[in-house]
Structure formats: structure tokens, C-alpha cells
There are 2 protein chains.
Amino acid sequence: MNPTIKDVAKHANVSIATVSRIVNGLPGYSEETKKKVQQSIEALGYQPNAIARGLINKRTQTIGVLFPDVSGMLSSEVLEGVENAAHDGGFSVIVCNTTSSGKRTVKYLRLLQEKRVDGIIFASEDVKEEYYKIFQEMKVPVVLVSTASSKYDLPFVRVNDFDGAFQATEYLIRKGHKVIGMIGGSDEDPIAGVPRMQGFQKALESNGLSFTNNHITKNEGYRFQNGKESLPLLLKKLPDMTALFAASDEMAIGAMSAAHQLGIRVPEELSIIGYDNLKIAEMCYPPLTTVSQPLKDMGQTSGEMLVSLIKGEQQEAKSRYMPFTIVERQSVSDFRDK
Amino acid sequence: MNPTIKDVAKHANVSIATVSRIVNGLPGYSEETKKKVQQSIEALGYQPNAIARGLINKRTQTIGVLFPDVSGMLSSEVLEGVENAAHDGGFSVIVCNTTSSGKRTVKYLRLLQEKRVDGIIFASEDVKEEYYKIFQEMKVPVVLVSTASSKYDLPFVRVNDFDGAFQATEYLIRKGHKVIGMIGGSDEDPIAGVPRMQGFQKALESNGLSFTNNHITKNEGYRFQNGKESLPLLLKKLPDMTALFAASDEMAIGAMSAAHQLGIRVPEELSIIGYDNLKIAEMCYPPLTTVSQPLKDMGQTSGEMLVSLIKGEQQEAKSRYMPFTIVERQSVSDFRDK
DNA sequence: GCGTTTTACGTAAACGTTTACGTAAATCCC
DNA sequence: GGGATTTACGTAAACGTTTACGTAAAACGC
């Protein structure tokens, strides 16, 4: 089995306290003793036991990250950023796939509490009261990413969804489009659903364009299939539509697929703008113009924020709205001549 | 802070051994004592400390998973399967993003060794000697996924890449194509590079079609951009090419993008078949026909295999070749009339 | 040389849990 | 009723590490 600190101490003929001091770079030993101990460590192949250290220090150097869909394209980029920041800060990442289930989320939080993780990153979902209660019990820092909570004072890292939608819609308006539809999310989703629809509506109204219920179709999810099914519905409600804003890249690409099937040329007959700037945005045909959420940076920033809170480098984190841009590709046509 | 087992024992007026027995469902207490202890647990909000338990049991209920690219589309689906299996088996997953760097991989393995993880899943990369040395030191089970090792006897879960490529190429041949090219990976990649190229070559030769160096372009990576850059090169070498097999879905979609730009109609003028069946295969235009690696199932299977090894339910794991299928979509035309 | 300060150790206790083993009481069976 | 077995505890030690504190020796300064 693995040699312990006792084996090293015996081999080097010193006490375990001396070995510990040397291993951890604390003062209190001679150069001669240090060399002797290091030789013993190498000879025995000693690897310190982080479990024992965690028990004493009451810190495990581990954080938990909860995603509603760990293999989703959004999640995987955020995860990369989080993992980079955590690793650089000396922390390991336990990943939890909650599948948007409240029960499973509570189970994971309890598990993370038992494992005494030093902090939590909670991604892309609304914070329920019972989650917040567990956060409180755990007495560790929590950072939200790609989400926020109106009810609980938890630091977050996100993009301003209202502004992003507003500017995406204004972009279409500036390109000369006057009949613009939206493939939206859910009325009950306070994170990605409601603000993006509100931003869309506000942009229309601010530019003197009409907004009615016919301008939006709503969905429970944000997937390719949702977008594909929504386009025919939207066209029925808004037959003169020349452009649309989709509340996610996947839905935009789904709409694109449906347009191909309906023989509608994109962008010549229908312009489409998405939201996220996932990797696939450049891979579809035509390449998608979209609102760019800097997902990996958001993961990185939230990871750094959490590490900083754990280390006590700051007592309170300042929530961050990350900048977004409109990445122009080829899915939006210039309608100003028409 | 968190109440300990000592607090519960004091509150319930029993010993800590009794609390432990009750919490862990071991025999040796009366129903009356059990009720009393459970009330104390609830009143104090006791959560067992998994760190202390891990130190005693020499088992952390945690596994480490190493990916060369954690946000890659391949990785994220495998990760979901692994995480599901691990969670169901009572294990947490520490995710490590090695970025294909040998140095970083060693660093992660050492970290996982210190954290005393119960097992390792190693994905999508060749096993180097120094990794294998660390596996040996750690004395925990290791399972490979989406990779294998010719040099070390480690159980793996993968698809037979030779067969997959062979059948993809035969599929094109059965569709009447006679001049078939390949966008391949690297000669130095014994996992995804060489076998897929060999399968392609064998299929051509077995069907009496010519194979020369002009039939393959090679790449260092398997990304969209690699595919996009490869198509013009391949067309230069093989101007009469009517179909191509790409060694990954991303490269297939990259080739598709290049075809659109060159005004080549897919599949009418050029048929394309990919490899992986990533989510994006159905999202591109036209939807991609591809060899389907069951990525999530592979993750699930490798996770189950590792859990079983850790629990001692089996002493040796039997390596698994997972079945693949050809998922027909719309990127391959029937060339038998022409 | 002597008193003070610093250095280089080692000892003992702690962290929160699990469990082997001993003991007393209760139960069972002849 | 008595001996054997089972049940229901509690005690003590262990797991591998960190560190406060005490002590002896060395170094420093007058």
C-alpha cells in the first residue's frame, strides 16, 4: 500500500512533525535534515494523503459544479472554463448532472455537503428555496453562472439577456427588417425565457414596430427540435416575416433546418439570428449570426471568483455581467433596399 | 459548524459507536435507541463527514476521469454516461481536462493519487509509460474509453474503428460510388487515425477499387476546420471524386461547408459520410449520414465497469467493443444509375 | 562568560469517523 | 434453575495527517 508519513519519518530517523514541516514548506529544520527526508520520500515513493490533510485542515481543495445537462453544448464550455480556473487555483472539480430534477439536485447537494467541498458553482437554473437552505447549512461560498437569483443574494456571472435580445433584434431592424418574429423559451423561465422575450419586445416597440402575441412562439426547451417545430407555427402567425430572433443557437439552427425543408432560402428570404455562439454556429449552413455569450470565459470567471472567496482573498464577490457581442456570419441579409 | 457524531451521541445519551451503527445500518441497537438517535440527528442537522469516513475505510467513493478536451463534443457525451453510472453506483466524478499535454496529465494523475480516488477512467488518448507507472502505484482499477492500449493490459470500451471505417466505405460503394476519397486523421494516432484509414483502404481493395496516396488527406486534428481545409486538397488529388469518408463528424461538416463555398452540391455532386454521430450530425445541412459511436453508452458502460471493479464484484473486466451502426440521413446520394 | 533570542527538533493531541472486542443483560433451551 | 447463546451496548484504538507547545542546543550581543 501507499507509504505514510510515519514510514518516511522512520526511514529518515526524524519525527512525523519534521516530515510534515518539510513537505509543507513550513520553517523549523536544517538543510541536512531536509535532504535526508527528501531522499526518504523519493526512496519510498511517498504521496501525501489529501484525505487526512482535508480532515485536519477542514478544507478539501475540491469544488462541486452542478449542471442541468452536463453534455449540453452550453454546459461543456462553461465546465471547461470552471475546470481551468479551479485547477489553476489548486482545486479539483466534482461534476454533477442534475437533469433539471429538484430531487436529484438536492441529492447532489447533500452528497457534496458530506464530501465537505469548499465551494459550489451552480449553473443555468433557478435557485429553489430548498437549495438555498442547503447552501446556508454548508457554510461555503456559492457562485451562480449563466443564471441569477432574484430572491437570494448570491453572486453570479452572466450575460444581460434582456440587452442581448434587445440588441439582436435591433440588429435585424438596422438591417431593414420590419416584420420580425421570435422563437422563444418559456414564460416560466426567469433566466433565459422571460428576459430574452422582453428584450425582443422592447426593441420592436422602441423602434416603432408592432408587437403582438403573433410575434413569438414559446417552447419548454431550447433545443434544435424546438426550433424546427416552431418555424412553421411562427410563419402561420406571421406570414410576412422576413427575419427572426431565436432564443438559442440550437433553436436558430432548427429553424434553419425547417426553412431548408420548406424551400425558404436563408438568408435571402428569411434572416435568422441566434443566441449563444456555440461552436456549431459556424458549422451550420449558412454560418449563423448570433449573440455571443462568452461561455468559457464565464466559466473561468465564476471559477476564479469562487476560488477567491474560498481562499478568503475577498469577503464578498461582485456579480459580473459579461460583455456580449453580435458575431456576424451569413444568416442575416441586408433588407434595406427592399 | 457542522455537528459531529460526538454531538449526536451526547444529545441522544449513547456512545458514538451506537450512532455509527445506526447511521450505517449495522446491527446492535434497540428500536428505542434507534428512534432516540434519529431524533437527535434531525434536531442537530447532522451530516456525516465523508472525509473522515474515507480515511478509515480507505475508500473515497470518488473516481477521476481524464479527457484531452473536456468541452469537445465527444467528451461531453462520454462524460454524461460516466457520471450517470458513477452516481448510480454511489461514486462522485472528478473531471480532469488534460489538454492532451503529457505534463498536465501526470500532474492530474498525481493529484488524483493524493486524493485517493477509488478508480480512473482514461479517455481518448494513448496510454504513455509514465501514466501506466502511476496507475500501478495507485493500485486502483483503470478503464479506458474511446481508446485502448496495445502495450498495457487495461480494459477498454470502444468501437472497432477499422470495422466502422470499412463499413462506412462499403456503404458508399454500395451506393454506386467508385471514386471515393477520405479525410483522415494522423498516421501517428494509433486510436482514431491509423485504424480508420486502414479500414477505408481495405474496403476499397476488397471491392476491386483502386487505392493510392491520392485517396487520403491527413490531419493532426479532427476538427471542423481540418475538414474544411482538406476538401480542396482532396479534390485536387482526386478530381473525379463523387464521395468521401471523413474520420470524424466535425471534419465531415467542415468538408460540407467547403463544398457549399465551392458551389458543389451535397449530396448530388458529392456524397459525404462522417464518423461519430455527434448531436450536430442532424443539425447540419444536409443532415449527415454517419457511423454512430454510442458515446453516452460507452461512457455508461465504462463507468459501470469501473464501479464493478472497485466494488470487487468482478476481478477482471472484459474489454468491450460497442456496436456501431450507420445512421442514414441525407448527405449520401444513390449513384447507381450514373 | 553570561543572558537573551533563535533554531531545530520531538511529543501529544486533534480532526470525525469506523469497528474489534469486552461485558452485562436478556433470551432460549434442556 | 442453570448453562449457552444472542442482543445491546460502550471503550479504546485506529486511519494519516497537521500543529501548538515545550525543550535543548546553537547563535547572538553586550
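Fair warning: this is a prediction, and the values are worked out from it, not measured in the lab. Sequence lines set the chain letters: A, B, ... in the order given, protein chains first and strands last, and positions in each chain run from 1.
One finds no side-chain N or O of Lys58(A) lying less than 4.0 angstrom from the OP1 or OP2 phosphate oxygen of dT18(D).
The salt bridge (charged side-chain N to carboxylate O under 4.0 Å, His left out) search around Glu77(B) returns none, not counting sequence neighbours. Evaluation of the salt bridge (charged side-chain N to carboxylate O under 4.0 Å, His left out) rule for Lys36(B) yields no partner, not counting sequence neighbours. By the salt bridge (charged side-chain N to carboxylate O under 4.0 Å, His left out) test, Glu114(B) is found to be paired with Arg53(A), residues two or more places apart in sequence or in another chain being considered. Here Arg158(B) pairs with Asp161(B) under the salt bridge (charged side-chain N to carboxylate O under 4.0 Å, His left out) rule; sequence neighbours left out.
Following rounding to the nearest Å, Asn49(A) (CG) and dC15(C) (C1') show an atom-to-atom distance of 13 Å. Counting to the nearest Å, the P atom of dA12(D) and the NZ atom of Lys6(B) are 14 Å from each other. Straight-line distance from the CG atom of Leu55(B) to the C1' atom of dG16(D): 5 Å, rounded to whole Å. In this structure, CD1 of Ile51(B) is placed 13 Å from C1' of dC15(D), rounded to the nearest angstrom. If you take NZ of Lys115(A) and P of dT17(C), they are 14 Å apart, rounded to a whole angstrom. The nearest whole Å value for the distance from the CZ atom in Arg53(A) to the C1' atom in dG16(C) is 18 Å.
A heavy-atom distance below 4.0 Å to DNA chain C is reached by these residues of residues 29-46 of chain B, ordered by number: Tyr46(B).
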Using nucleotides 19-27 of chain C, report all nitrogen or oxygen pairs with the protein that are shorter than 3.5 Å.
none

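Gln300(A) and Glu304(A) share a side-chain donor-acceptor pair at under 3.5 Å.
Taking the charged nitrogens against the carboxylate oxygens, Lys103(A) and Glu130(A) have no contact shorter than 4.0 Å, which rules out a salt bridge.
Looking at Thr60(B) and Lys115(B), their side chains never come closer than 4.5 Å, going by heavy atoms from C-beta outward. Phe135(B) is listed as a side-chain neighbour of Leu154(B), based on a closest heavy-atom distance under 4.5 Å.
Distance check, rounded to the nearest 0.5 Å: CG of Asn49(A) to OG1 of Thr4(A) gives 9.5 Å.
For the pair Ser15(B) and Arg116(B), nearest-nucleotide mapping onto DNA chain D gives the more 5' position to Ser15(B).
In this structure, Pro27(A) reaches neither bases nor backbone, as no heavy-atom distance under 4.0 Å exists between it and the strands shown.
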